[in-house]
Amino acid sequence: MLFDTPAKENPIDRAREVGQPRPRIDGPLKVSGTARYAYEQRDVVENMAYGYPLGAAIAKGRVRAIDTAAAEAAPGVIGVLTTLDVPRHALGPMNTAMLFGGDRVEHYHQAIAVVVAESFEEARAATALLDVDYAPEPGCFDLERVAREIVGQPFCEDDALVGDFDDAFLAAPVQLDVTYRTPDQSHSMMEPHATLAAWEGDELTVWTSNQMIAWGVRDLAAALDLPRDKVRLVSPFIGGGFGGKLFVRSDVVAASLAARKVGRPVKLALPRPLIANNTTHRPATVQRLRFGATEDGKFTAFGHESTSGNLPDGGPETATQQSQFLYAAPNRLVGERLGVLDLPEGNAMRAPGEASGMMALEAAVDEMAEKLGLDPIEFRILNDTQVVPGKDTPFSQRHLADCLRLGADRFGWGERASLPARRREGRSWIGIGVAAAYRNNLLMKSGARARLQEGGGVEIETDMTDIGTGSYTIIAQTAAEMMGVPLARVTVRLGDSRYPVSAGSGGQFGGNSSTSGVYAACVALRTRIAERLGADPETAVFEEGEVRWGNSAVSLVEAASGGEIVAEDSITFKGLGEKYRQSTFGAHFVEVAVDAATAEIRVRRMLAVCSAGRILNPVTARSQVIGAMTMGVGSALMEELAVDKTRGFFANHDLAGYEVPVHADIPRQDVIFLDETDPISSPMKAKGVGELGLCGVAAAVANAVYNATGIRVRDFPITLDKLLPHMPPF
Amino acid sequence: MRAFSYEKPGTLAEAAAAGAREGAKYIAGGTNLIDLMKLEIETPAHLVDVNGLGLDRIEETAAGGLRIGALVRNTDLAADPRVRRDYALLTRALVAGASGQLRNKATTAGNLLQRTRCAYFYDTNMPCNKRAPGSGCAALEGISRQLGVVGTSEACIATHPSDMAVALRALDAEIETMRADGVARSIPIGEFYRTPGETPEIETVLGAGELITGVTLPAPLGGAQLYHKARDRASYAFALVSVGLVLREDGTGRIALGGVAPMPWRVEAAEAELGEGAAAACEMLFAGARPTEQNAFKLPLAERALAALLAEARS
Ligand SMILES: Cc1cc2nc3c(=O)[nH]c(=O)nc-3n(C[C@H](O)[C@H](O)[C@H](O)COP(=O)(O)OP(=O)(O)OC[C@H]3O[C@@H](n4cnc5c(N)ncnc54)[C@H](O)[C@@H]3O)c2cc1C
Ligand code: SF4
């Protein structure tokens with residue numbers, strides 16, 4: 001199905017299943033511990049062995065030799081594979097650092113050996129006996145240094161220059177020139193990267209934890225130099241990914257190579273202390289924001305430059321992405337610079353670009369509002385735009401101002417003291433902050449197979465993944481709606497490369513794109529069924545377990561009595577992406593309390609108002625948004641990979657050192673979804689929402705902290721040590 | 001984790017003898033030791049499980065205090081009505097530590113002997129004098145935000161991470177032990193921990209195989225007993241700084257700090273300054289402090305937290 005004109009009325013608009021608050025259908029499996037995650041697979045293969053990885057002890061250099069004798073002689077050991085045994089392999093288009101092979105060490109904890117043993121404990125114990133001889137080399141680990149060195153160099157992409165920024169900025173009666181910093185962040189998902197790899201002849205099956213099945217097959221086949229049809233990837237349940245599992249990681253390659261070497265299936269998980277440095281992270285940024293405005297608060301010059309670092313050939317953190325779209329201004333300078341850093345590979349993490357970009361932008365916008373003496377909400381609305389700034393492209397929908405106003409009303413914005421450090425309750429300074437939320441709505445081709453089973457049940461197969469988001473549930477709802485059956489009659493099978501290629505889970509495109517693919521498959525299935533019954537597929541109505549046309553009605557059970565009916569299709573998006581800018585919008589509101597003595601910051605309540613098209617399931621969408629808001633609190637107040645600039649690695653590489661919010665940090669969250677549909681986006685008229693919930697939260701927290709204390713911290717996370725020097729005496 | 005043997009003795013004498021074996025270590029709740037064994041930071045050859053020794057009771061002493069068995073779980077200790085009534089500081093400190101599940105497992109002795117949370121101590125690729133004597137201290141030129149500011153040495157700036165020990169220090173607890181030869185002794189907590197000096201790997205005055213049997217609290221001090229643990233998140237985080245305060249109606253009191261030193265930090269002379277306020281007391285508490293650039297904030301933080309507790313205690 002080609003989607004190139006706005007959606008008309010379709011069966012989804014009935015909204016009997018889609019849009020209803022259904023609890024997740026995979027919930028019982030998860031709470032009863034029967035959903036099998038990668039490392040829990042055991043009866044799918046026989047004669048399984050356990051692998052344990054060794055990470056490099058240096059940040060940069062070469063592995064000269066690895067003495068494996070002691071490890072090989074250790075109890076239970078079946079075999080040892082080192083990086084020196086295998087050549088560097090081909091990498092997927094979005095990987096930067098080698099996963100397993102060759103003698104180069106590009107970053108700390110890069111996987112350099114695997115020990116395979118009869119038990120996990122034996123593998124782990126023997127790994128400690130490996131003796132590695134390194135030839136270390138000096139590296140650059142300091143983003144500040146990189147940022148200083150590449151000031152003034154051209155942007156990675158120089159397409160975001162509009163008008164004459166320099167002149168307009170200089171001429172502006174009101175100016176702001178501030179620099180913000182965001183830290184490296186770790187996905188730190190609950191389930192570590194894990195793989196069970198099994199060969200049968202030259203065919204490989206991996207049970208793993210991966211967000212993008214088809215990319216995984218492509219990249220693993222390339223790494224092992226296999227034809228793609230020899231690789232099967234299975235990933236039915238994923239314990240969180242946040243972008244850290246978009247691509248094949250070292251667990252998959254190392255387990256596959258080790259399994260080939262020992263001739264047995266090998267199961268391997270990355271130990272928690274390896275996650276931060278062995279896998280990818282959200283790169284730190286240094287962001288300079290320069291705004292010029294008229295006295296009455298209209299932007300005349302809008303500048304946002306971001307610098308990040310990565311390994312050679314890595315990409316930048318696209319932190320200025322939203323800045324091309326969010327506010328009107330006739331003169332613009334928006335772009336990113338990239339320097340070389342020898343830290344682990346930077347790559348996508350939930351809302352790559354916008355998450356860190358909005359942290360800086362939306363805090364700076366509040367600074368500008370204050371300079372202008374304007375209310376932060378009114379200032380944002382004053383500079384709102386219905387077309388892409390500098391272009392005429394309209395937004396498919398843009399309800400930013402509605403989100404801000406509705407949120408202001410619900411949150412009690414009126415109670416906010418417009419001057420900072422005015423509200424005190426006991427030992428706490430109280431403040432309220434706001435930020436706009438913005439995230440692009442991406443669309444990806446997505447396919448599915450739909451089957452009317454004998455007996456009248458509906459089965460959907462797609463390689464879409466459920467990373468805790470609710471994919472199983474919204475796909476079942478879509479199929480139930482399309483086929484006119486109750487939810488309980490739908491079976492959903494996900495996360496297997498034997499199924500049709502889907503959008504996968506990433507970039508908040510998964511929910512909308514994959515359900516659209518299921519929509520397409522169901523349209524095809526409806527056509528097949530109608531044809532079998534001699535009905536007109538265009539006018540046949542699928543309702544209450546029946547197909548109805550003219551004066552006829554045939555139950556689906558009967559329709560399938562002659563054998564199951566199967567159809568497969570995919571949705572391809574074309575054209576509308578160029579004619580319209582598709583984005584999701586929202587507003588975040590946060591109230592904080594700052595301890596007047598210790599400067600400890602605690603969030604007291606939060607509200608997100610989201611405008612993101614049709615909400616496919618308010619329960620799972622809300623859980624996405626509150627999870628994202630929680631992540632935003634982490635970004636604002638605690639999450640930071642601590643860079644050891646001497647040794648070149650992230651030192652706090654476990655969950656004691658890398659702090660993310662716990663329950664006690666999140667007392668109250670509310671989410672409001674605007675009641676809307678966006679026919680430009682897809683036949684589902686839905687958009688992404690899982691990342692929108694994150695974009696802007698940290699800035700809202702920062703703005704609340706400012707409102708509480710009058711202290712503006714431009715270096716995230718905002719920890720008490722950064723506030724203390726500016727706090728009044730206690 | 002290295003292979004090890006295991007035994008669970010039934011008497012104190014057996015345990016103390018077993019603990020004296022080469023490479024032996026006691027295991028109580030295991031919440032710290034097992035983690036360290038997995039990473040091969042601790043590599044005992046033999047584990048002596050002390051859970052079968054009947055050391056899990058809290059009893060009143062003739063002196064009007066309490067004797068807390070070494071194996072009393074942190075949860076049970078915090079919830080004991082006598083502790084809550086007479087040693088509120090201890091309850092407050094305990095419940096500020098770890099998580100509910102961990103406190104259910106963690107024991108009094110294990111808590112006293114838990115090891116530092118310095119990130120480099122936990123990474124066996126890194127130089128660390130405490131873990132690998134003589135290898136150097138990676139924290140000095142690395143990440144030290146969490147680490148100590150006072151009582152530290154050139155060789156090691158790690159902190160002792162316990163909350164419970166801060167309260168015990170303020171309350172003048174004594175630690176009761178039994179040596180391999182069966183001889184018992186009682187060590188005031190102020191003499192229990194050692195400053196790191198050149199040998200940060202030696203953390204207490206315990207001899208090889210010396211078993212902690214219990215902790216004794218003297219008769220209740222009375223007064224307001226408050227604890228504040230400052231940290232980046234609201235729960236389940238080690239202290240950046242913690243302050244335990246006892247303030248009696250006559251204005252005398254006790255102060256002990258956590259998160260600043262290789263041991264729960266108390267300077268008795270500072271307590272004479274309580275009437276002068278937090279700044280005066282902290283000047284004495286931090287005499288000779290040597291913070292790093294990253295953790296210098298701990299000094300004003302402790303002072304402000306103490307000021308807040310004093311205000312609260314007086315109100
Ligand atoms: C995630 C996490 C968070 C934590 N957060 C905090 C926190 O915020 N605040 C805090 O104070 N603590 C915290 N802790 C530490 C926790 O309090 C300790 O792990 C616990 O108290 C140790 O007690 P245990 O009985 O489990 O000791 P074990 O792990 O069994 O033993 C610890 C040490 O004590 C020795 N030992 C045990 N019993 C005896 C005995 N009777 N005689 C002699 N030696 C003995 C052992 O040989 C070992 O060296 C945290 C721990 C974890 C894992
Ligand atoms: S501070 Fe102490 S524990 Fe930390 S690295 Fe230095 S020596 Fe080791």
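Chain identifiers are assigned alphabetically (A, B, ...) following the order of the sequence lines, protein sequences preceding nucleic acid strands; residue numbering begins at 1 within each chain.
Proximity to chain B at a heavy-atom threshold of 4.5 Å picks out R124(A) from residues 113-124 of chain A, in numerical order. Of residues 292-300 of chain B, those residues with a non-hydrogen atom less than 4.5 Å from any non-hydrogen atom of chain A are, in numerical order, F297(B). Within residues 225-236 of chain B, the residues having any heavy atom under 4.5 Å from a heavy atom of chain A are, by residue number, H228(B), K229(B), A230(B), R231(B), D232(B), R233(B), A234(B), S235(B), Y236(B). Within residues 306-315 of chain B, the residues having any heavy atom under 4.5 Å from a heavy atom of chain A are, by residue number, A307(B), A308(B), E312(B).
Contact of A56(A) with chain B is made through the backbone alone, with heavy-atom distances under 4.5 Å.
Note that CD1 of I143(B) and OG1 of T646(A) are 8.5 Å apart. Values are rounded to the nearest 0.5 Å. A distance of 7.0 Å separates OH in Y120(B) from CZ in R647(A), rounded to the nearest 0.5 Å. Note: T598(A) OG1 to L240(B) CG = 9.5 Å, rounded to the nearest 0.5 Å. Within the model, atoms CZ of F649(A) and CG of N125(B) stand 8.0 Å from one another, a figure rounded to the nearest 0.5 Å.
Comparing I666(A), L720(A), N652(A) by heavy-atom pairs within less than 4.5 Å of chain B, the highest count is held by L720(A). Note: V660(A) leads V660(A), V633(A), T127(A) in heavy-atom pairs under 4.5 Å with chain B. For chain A, the option among Q146(B), K38(B), E40(B), R2(B) with the highest count of heavy-atom pairs below 4.5 Å is K38(B). Contacts with chain A were tallied for S99(B), A3(B), A138(B); A138(B) has the most, counting heavy-atom pairs under 4.5 Å.
Between R304(B) and A597(A), the shortest heavy-atom distance links the atoms NE-O, 2.6 Å.
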